[in-house]
Amino acid sequence: MTTLAPGQTIGILGDGQLGRMMAIAAAELGFKTHIFGQEKNSPAAQVANANTIADYTDKVALRKFASSVDVVTLEFENIPTDTLNFLSPLIPVRPGRKVLEITQDRHLEKSFVNSLGVPTAPFANVESLEELRQAVERIGTPAILKTRRDGYDGKGQVKINSATEIDKAWETLGGKASILEGFVPFELEISIVAARDIHGNVATYCPVENRHKNHILDVTIAPANILSTVSEHATELATKIVQNLDLVGLVAVEMFVARDGDVLVNELAPRPHNSGHWTIEACTTSQFRQSIRAAAGLSLGDPTAHSNALMRNLIGDDADHWNDILQHPEMSLHLYGKTESRPGRKMGHVTRLFPLNVPPKV
Ligand SMILES: Nc1ncnc2c1ncn2[C@@H]1O[C@H](COP(=O)(O)OP(=O)(O)O)[C@@H](O)[C@H]1O
Ligand SMILES: [Mg+2]
């Protein structure tokens, strides 16, 4: 089992803001980073030691990348599994192919979660209009149709409020292999970031509440305002998932909390997560350092929060107000170095700390 020492190089597949914050954390621990991505002057490449711009299927570039790094990790779960198959014999890849196969496909993901005895919304695999009709009959409405692959920030999903909307929903998603999910009338949405090291030790961050705007994460409130019994139960579920994924690295577990305190798992992300950005300021070990420690084969750090926190995303034009934000000395501003602002694009985030006994004010 490969263990890295400071000075060695961590390869990161993907070049967005998560890769950027992973590269910064790696530098803090004395590691070098090499980003493999598609974009020139990407958020991650701006802060890394080396950068390869190539397609994930470019075997020549992948071989060269593998020979220039000591371990490979990722900031993006939709890396083609063939890329990991190609890299795996050449270099340790953490997390590995099996984890990506599961988390790239909503049907495999939810089936895996249920196989552990962990509940999700009721769901059905849907590969034709006829199967969608049968699924709506079984699950009822309202329901949400989601493409099995490639969805994010609410893209690739459509709500079905009544049976009359079935044909339109199927058309909207372009007839792609999908799942139909029962709509969960949740009280709040929470997530837990869990880490696992090469020896199987697990560390979990506290559950946080996530509020969305236009299907994009708007604010994260740490910790979530839930009963301690619910918090402990959610943490047990996240621990079970990370252990059974047999993963080295991080997994973020998104969950719904029902009014009666029931917890259902919504989705998994095998990497640092937007809802974990608050850990940079508020925890002994941030999620980014934790992901680097795990990838490097090192022991995990303490995930304990020394403060409560509120994290707000800066989407599109929000980031134009960077100077106003800087007028508030209690705010920690993070910008991702994206030159082009687009509606819905994550440009940065702001974190504000609160004492442990003070609930964050939204
Ligand atoms: N079954 C469901 N019931 C109620 N709301 C849902 C359900 N599935 C998703 N949502 C809402 O849509 C958001 C995005 O769905 P999600 O499955 O997390 O996809 P992604 O984050 O990849 O776009 C969730 O955070 C939640 O607010
Ligand atoms: Mg989600």
Side-chain angles (χ1 to χ4, degrees), residues 1-4 10-14 16 18-19 22 36-37 56-57 62 65-66 69-118 120 146-152 179 191-205 235-255 265-276 287-288 290-298 300 303:
M1 277 188 285
T2 311
T3 301
L4 271 60
I10 297 177
I12 301 176
L13 297 168
L18 300 175
M22 288 165 82
F36 192 106
Y56 290 122
T57 57
L62 285 172
F65 174 66
V69 302
D70 299 292
V71 71
V72 169
T73 186
L74 48 98
E75 63 114 53
F76 171 60
E77 65 270 36
N78 288 323
I79 309 283
T81 44
D82 280 351
T83 303
L84 301 198
N85 284 341
F86 182 80
L87 288 172
S88 296
L90 306 173
I91 187 93
V93 182
R94 298 169 180 155
R97 191 193 54 139
K98 181 191 146 206
V99 173
L100 263 71
E101 265 174 7
I102 294 171
T103 56
Q104 284 177 355
D105 180 323
R106 292 189 196 274
H107 185 249
L108 296 183
E109 183 173 87
K110 287 205 158 65
S111 303
F112 166 78
V113 168
N114 284 171
S115 77
L116 305 177
V118 175
T120 60
K146 302 180 179 179
T147 57
R148 283 176 60 161
R149 306 180 74 88
D150 295 326
Y152 69 98
I179 61 168
S191 59
I192 294 181
V193 175
R196 187 170 171 277
D197 71 14
I198 45 170
H199 304 296
N201 299 303
V202 171
T204 54
Y205 292 89
T235 303
E236 276 166 22
L237 299 185
T239 302
K240 203 177 206 180
I241 288 168
V242 71
Q243 277 167 342
N244 285 280
L245 272 177
D246 203 13
L247 145 155
V248 176
L250 259 48
V251 65
V253 184
E254 297 179 10
M255 297 176 253
V265 167
N266 175 35
E267 65 168 346
L268 313 178
R271 50 165 172 80
H273 192 258
N274 197 167
S275 70
Q287 65 162 350
F288 297 102
Q290 201 73 297
S291 74
I292 294 298
R293 290 171 72 133
L298 304 173
L300 298 177

- prompt: With a 4.5 Å limit on heavy-atom distance, are the side chains of Asp197 and Arg293 in contact?
  reply: no

statement: Shortest non-hydrogen pair, Phe288 vs Leu18, comes out as CE2-O, 3.8 Å

task: Dump the intermediate steps for side-chain contact (heavy atoms from CB on, under 4.5 Å) on Thr73 and Ile10, then the final yes or no.
output: CA-CA 7 Å; Thr73 186; Ile10 297 177; 3.8 Å; yes

message: Within the 4.5 Å heavy-atom criterion, are Ile198 and Thr3 side-chain neighbours or not?
response: yes

message: Quick check: do Val265 and Val113 have side-chain heavy atoms less than 4.5 Å from each other?
response: yes

- request: Indicate the atoms forming the closest heavy-atom contact of Gly16 with Glu75, along with that distance.
  value: N-OE1, 3.1 Å

- request: Measure the spacing between CZ of Phe65 and CD1 of Ile12 and express it to the nearest 0.5 Å.
  value: 8.0 Å

statement: side chain to side chain donor-acceptor pair (under 3.5 Å) with Glu267: of Lys146, Arg106, Lys110, only one passes, and it is Arg106

Anything under 3.5 Å between a donor and an acceptor, one on a side chain of residues 243-253, the other on a protein residue two or more places apart or in another chain? List them.
{"residue": "Asn244", "atom": "ND2", "partner": "Lys240", "partner atom": "O", "Å": "2.7"}
{"residue": "Asp246", "atom": "OD1", "partner": "Arg196", "partner atom": "NH2", "Å": "3.3"}

message: Before you tell me yes or no, could you show the steps for Val118 and Met255 under side-chain contact (heavy atoms from CB on, under 4.5 Å), namely the whole-Å CA-CA distance, both residues' side-chain angles and the distance that decides it to 0.1 Å?
response: CA-CA 11 Å; Val118 175; Met255 297 176 253; over 6 Å; no

query: Can you find a heavy atom in the side chain of Pro272 that is under 4.5 Å from one in the side chain of Val193?
result: no

- prompt: Would a distance-only check, ignoring hydrogens and angles, find a side-chain to backbone donor-acceptor pair under 3.5 Å from His199 to Asn201?
  reply: no

message: Do Leu4 and Leu298 make a side-chain contact, defined as non-hydrogen atoms from C-beta onward lying under 4.5 Å apart?
response: no

- request: Compare every heavy atom of Tyr205 with every heavy atom of Ile192, then report the nearest pair and how far apart it is.
  value: CG2-O, 3.5 Å

Listing, residues 98-105 side-chain donor-acceptor contacts under 3.5 Å, not counting sequence neighbours, or none:
{"residue": "Glu101", "atom": "OE2", "partner": "Arg97", "partner atom": "NH1", "Å": "3.4"}
{"residue": "Thr103", "atom": "OG1", "partner": "Val99", "partner atom": "O", "Å": "2.9"}
{"residue": "Gln104", "atom": "OE1", "partner": "Arg149", "partner atom": "NH2", "Å": "3.0"}
{"residue": "Gln104", "atom": "NE2", "partner": "Glu77", "partner atom": "O", "Å": "2.8"}
{"residue": "Gln104", "atom": "NE2", "partner": "Ile79", "partner atom": "O", "Å": "2.6"}
{"residue": "Asp105", "atom": "OD1", "partner": "His107", "partner atom": "N", "Å": "2.8"}
{"residue": "Asp105", "atom": "OD1", "partner": "Leu108", "partner atom": "N", "Å": "3.2"}
{"residue": "Asp105", "atom": "OD1", "partner": "Arg148", "partner atom": "NE", "Å": "3.0"}
{"residue": "Asp105", "atom": "OD1", "partner": "Arg148", "partner atom": "NH2", "Å": "3.4"}
{"residue": "Asp105", "atom": "OD2", "partner": "Arg148", "partner atom": "NE", "Å": "3.2"}
{"residue": "Asp105", "atom": "OD2", "partner": "Arg148", "partner atom": "NH2", "Å": "2.7"}

task: Indicate the atoms forming the closest heavy-atom contact of Ala294 with Leu300, along with that distance.
output: CB-CD2, 4.2 Å

task: Please confirm whether the backbone N or O of His273 pairs with a side-chain atom of Gln287, one donor and one acceptor, at under 3.5 Å?
output: yes

- prompt: Which atoms form the tightest heavy-atom contact between Thr204 and Ala194, and what is the distance?
  reply: CG2-CB, 3.8 Å

message: Give me the atom names and distance for the closest heavy-atom approach of Tyr56 to Leu13.
response: OH-C, 4.2 Å

Can you list, pair by pair, the side-chain donor-acceptor contacts under 3.5 Å of residues 86-93, counting residues two or more places apart and other chains?
{"residue": "Ser88", "atom": "OG", "partner": "Leu84", "partner atom": "O", "Å": "2.6"}

